[in-house]
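Take a look at the structure set out below.
For ligands, and for the atoms within them, numbers begin at 1 and follow the listed sequence. Just so we're clear, the structure is a prediction, and the values are computed from it rather than from any experiment.
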Amino acid sequence: MRQIINFNDNWTFLKPGETAEPVTLPHTWNAIDGQDGGNDYWRGTSIYEKHFARPELKEGERCFIEFGGAAMTADVILNGKHLAHHEGGYSAFRAELTDALEEENLLVVSVDNSANDRVYPQMADFTFYGGLYRDVKLILVPETHFELLKDGTPGIKVTPTVHLKDREAYVMVETWQTGGAEVWIEIPTERVKEFRRVEAYGGHAVTNIILKNVHLWDGLEDPYLYTVTAKLVKNGEVVDEISTRFGCREFRIDPEKGFFLNGRSYPLRGVSRHQDLKSKGSALTYEDHKADMAIVRELGANTLRLAHYQHAQAFYDLCDENGIIVWAEIPYITKHMSGGKQNALNQMRELITQCYNHPSVVCWGLSNEITASGAVTEKLLQDHRELNELCHEMDSTRPTVMAHAFMLEKDSPLIPIADIASYNLYFGWYLGELEQNEQFFDEYHAMYPDRVIGFSEYGADANTAFHSSRPEKGDYTEEYQCVYHEHILKLIEERPWLWATHVWNLFDFAADGRDEGGKKGENQKGLVEFDHKTRKDAFYLYKAAWSKEPFVHLCGKRYVDRAEDTTEIKVYSNCESVTLYADGRELETKSGKTVFTFSVPISGEHRIEAVSGENRDESIVRRADAPNPAYLFRKQSVINWFDTADYDPSCYSIKDTMGALSQNPRTAAILGRMMERMTASRGDVAKGANSNANLQKMMAGLSLESLIKQAGDSVPGEMIRSLNAALQQIKK
Ligand code: GCB
């Protein structure tokens, strides 16, 4: 029988130029410098060493090591013998140690996250943490055992096909092994134990089992899991045993009606998740994963996009157990690399091999915003075709998908390569206005009514320190994030054909290249802060829309001082009516759905309470004489100075469009310098996007003034003034 030994303890970590330090895995060397901004986190090669005594191996037994993830490339060396090289920081892999074992052993794992031009990701809006940041295990198996090496396989593949009408599932079970003539397959059900003796040929065994009266894996409501066990038999004796859970579910996706689970409409509404956490980086424990899942359940989301790479197996397990529908993907992102095809294919092969049995996973994401920093070339199309074919060869049960950048034309030949599509749109945050989101989707849906389309990303950054009664795009207030999401929630609810929608992001996360909205190194589009604890108000908007757990939430608890006589008090709730009290006095009861808005006169300090049945929440607001400067991200009003300033319309100014300004060589040079500075604050991806031809086309119609407004404090007032003065020197 196999033995699995946790191998996380007693490692020594050696980073060049630093003294060796003892570490326990999971570990990343970028937990701090990958989150503090500056785009200067250390990327290079570090060494993990471990001394260990020879594990007790019985006659013929073999010893393997399993790495849950080594970012980004790894070499495994035991007692001086090089045993494995692995490229790709997010998939698991194994190496066999047996023949290199001695009585006392020195295991050296050299891990490298430095930049290169073949292993994805190389350009993206998140920190590429380096390290052995997932569990490491030793696996001791008999000489004849289920396969361990090929693409980190679990050795067993389960393909259930559900026939809803007959309430049956045909379950195909396959195993791979190094020898043995027979495999025993068992699936205990609620009534009987299904059992098959299967003859194996060429190291492969396959059988079909019909589950009658099948208990479906039915999303949030009933995520029922079966377990299949495979026993490998040699000379009449069971020598190895593995098992995996699986779920029986049927889904289909309709271009007009959206997603169906087990025959009923089941609109996928949820969020994306990165695997990282403040001060820990990517090195999460099982407790951290569980805490993340608890927040997903609290929110009431029924789907997760596990972006932008393969997550820990423990997390897909949690998704299975909790009935969460998953979009899984590889980090083929932002920038197509001409030498990256093999690595993209390898990462996809590993993702599918390792995640195939999870009923939660419903699609394979080929790439994300792959046109963000370059054109659609034949080479890029070809790499996508090959990835797409690979997915279909390996899995005939799940569609492929891509997440497209907003500037990708709707008729691009890239889109129909995958089975279904989704767009990442940020109108109302980066460029353009909120309404452009629905315009975009309505146009797409009218152009291609037979194509499945979804909303793979949308969001707005918010820092919970910043507040305003007149929230606007680019102010980083909690209130604008609410305005933004209220708009998009409505858009989504009115468009049932959007097959899946995913808020970007459930949590604030590390993007070391960023410096905006009062924080360095963080993307703040989360509904929850980077501590994975502090819920922003917008979190409760979605909870009100999705969760069945009755609650009321008073928004603006962090917005205490208000320089106005009457203030807006907003309540998010999934109850049908909400009553508001001020200082114990009943003010008003409102009926409605999700968002309840009240106008409340304020004079001093007031205790506000929102009540619906048993559910209540309270906050304090205070009448202030002047706006509290601590609430302001923009310390000055960027635009007002210009409205009052004189300017000569026969010369160029910031009122002109980007298109007009780029026509004249002198204004174009000024513009170029300014754009460089504006994009620098948003990290590498923004810098890459600047060279995108489609983006340039879309921006040509926008006035420079509207872009500046967008950029907030990254373009200070003084700079705008001198910029405008310079433009005013140039005659049209
Ligand atoms: C995107 C990317 C995601 C970024 C996000 C943003 O489209 O796919 O990785 O983090 O935009 O916040 O800009």
Exercise for review: With R269 as the cation and F455 as the aromatic partner, state whether NZ or CZ is under 6.0 Å from the six-membered ring centre and within 45° of the axis.
Suggested key: no

Practice item. Give the residue, atom name and distance (to 0.1 Å) of the protein heavy atom nearest atom 10 (O) of ligand 1. Key: D125 OD2, 2.5 Å

Review point. Can Y426 be said to touch ligand 1, with heavy atoms closer than 4.0 Å?
Key: yes

Exercise for review: Report the part of N505 (side chain from C-beta onward, or backbone N, CA, C, O) that has a heavy atom under 4.0 Å from ligand 1; answer both or neither where that applies.
Suggested key: neither

Review point. Please state which protein non-hydrogen atom is closest to atom 7 (O) of ligand 1 and give its distance, to 0.1 Å?
Key: E369 OE2, 2.4 Å

Exercise for review: Kindly indicate whether a cation-pi arrangement holds for K473 with F427, taking the cut-offs as under 6.0 Å to the six-membered ring centre and within 45° of the axis.
Suggested key: no

Study note, to complete from the structure: Per-atom filter on ligand 1: closer than 4.0 angstrom to a heavy atom of R514 are 6 (C), 12 (O), 13 (O)

Revision key, fill the gap. Counting heavy atoms under 4.0 Å, the part of F126 that contacts ligand 1 is neither

Check your understanding: With a distance cut-off below 6.0 Å to the six-membered ring centre and an angular limit of 45° from the axis, does K410 pair with F440 as a cation-pi contact?
Key -> yes

Check your understanding: Any idea which protein heavy atom is nearest atom 1 (C) of ligand 1, and the distance to it?
Key -> E457 OE1, 2.8 Å

Review point. Heavy atoms, side chains only, cut-off 4.5 Å: are L425 and F441 in contact?
Key: yes

**Study point:** Ligand-residue contact atoms, ligand 1 with N424, heavy atoms, under 4.0 Å
**Key:** 7 (O), 8 (O)

Exercise for review: List the closest protein heavy-atom neighbour of atom 12 (O) of ligand 1: residue, atom name, distance to the nearest 0.1 Å.
Suggested key: K525 NZ, 2.5 Å

Review point. Got L387 and I330 here, is their nearest side-chain heavy-atom distance under 4.5 Å?
Key: yes

Check your understanding: For ligand 1, is any non-hydrogen atom under 4.0 Å from H404's backbone (N, CA, C, O), its side chain (CB onward), both, or neither?
Key -> neither

Revision key, fill the gap. If you scan protein heavy atoms around atom 13 (O) of ligand 1, the nearest is Y430 OH, 2.4 Å

Practice item. Have a look at ligand 1 and work out which part of F406, if any, has a heavy atom under 4.0 Å from it: side chain, backbone, both or neither. Key: neither

Check your understanding: Is the Y133 ring parallel, tilted or perpendicular to the Y90 ring (thresholds 30°, 60°)?
Key -> perpendicular

Exercise for review: Would you kindly specify which portion of N368 sits under 4.0 Å from ligand 1, judged on non-hydrogen atoms: side chain, backbone, both or neither?
Suggested key: side chain

Practice item. Check step by step if ring-ring contact (aromatic ring centres under 6.0 Å, His included) holds for W504 and H274. Key: CA-CA 10 Å; W504 190 257; H274 263 298; 5.5 Å; yes

Check your understanding: Which of the numbered atoms in ligand 1 are below 4.0 angstrom from a heavy atom of F509?
Key -> 10 (O)

Review point. Checking side-chain hydrogen bond (donor to acceptor under 3.5 Å, both in side chains) for the pair Q122/N116: CA distance, chi angles, key distance, verdict?
Key: CA-CA 7 Å; Q122 290 299 332; N116 63 65; 3.2 Å; yes

Check your understanding: Going by the angle between their ring planes, with limits at 30° and 60°, are H311 and Y309 parallel, tilted or perpendicular?
Key -> parallel

**Study point:** Identity and distance of the protein heavy atom lying nearest atom 9 (O) of ligand 1
**Key:** H308 NE2, 2.7 Å

Check your understanding: Pick from H27, Q275, Q35: which one makes a side chain to side chain donor-acceptor pair (under 3.5 Å) with Y129?
Key -> Q35

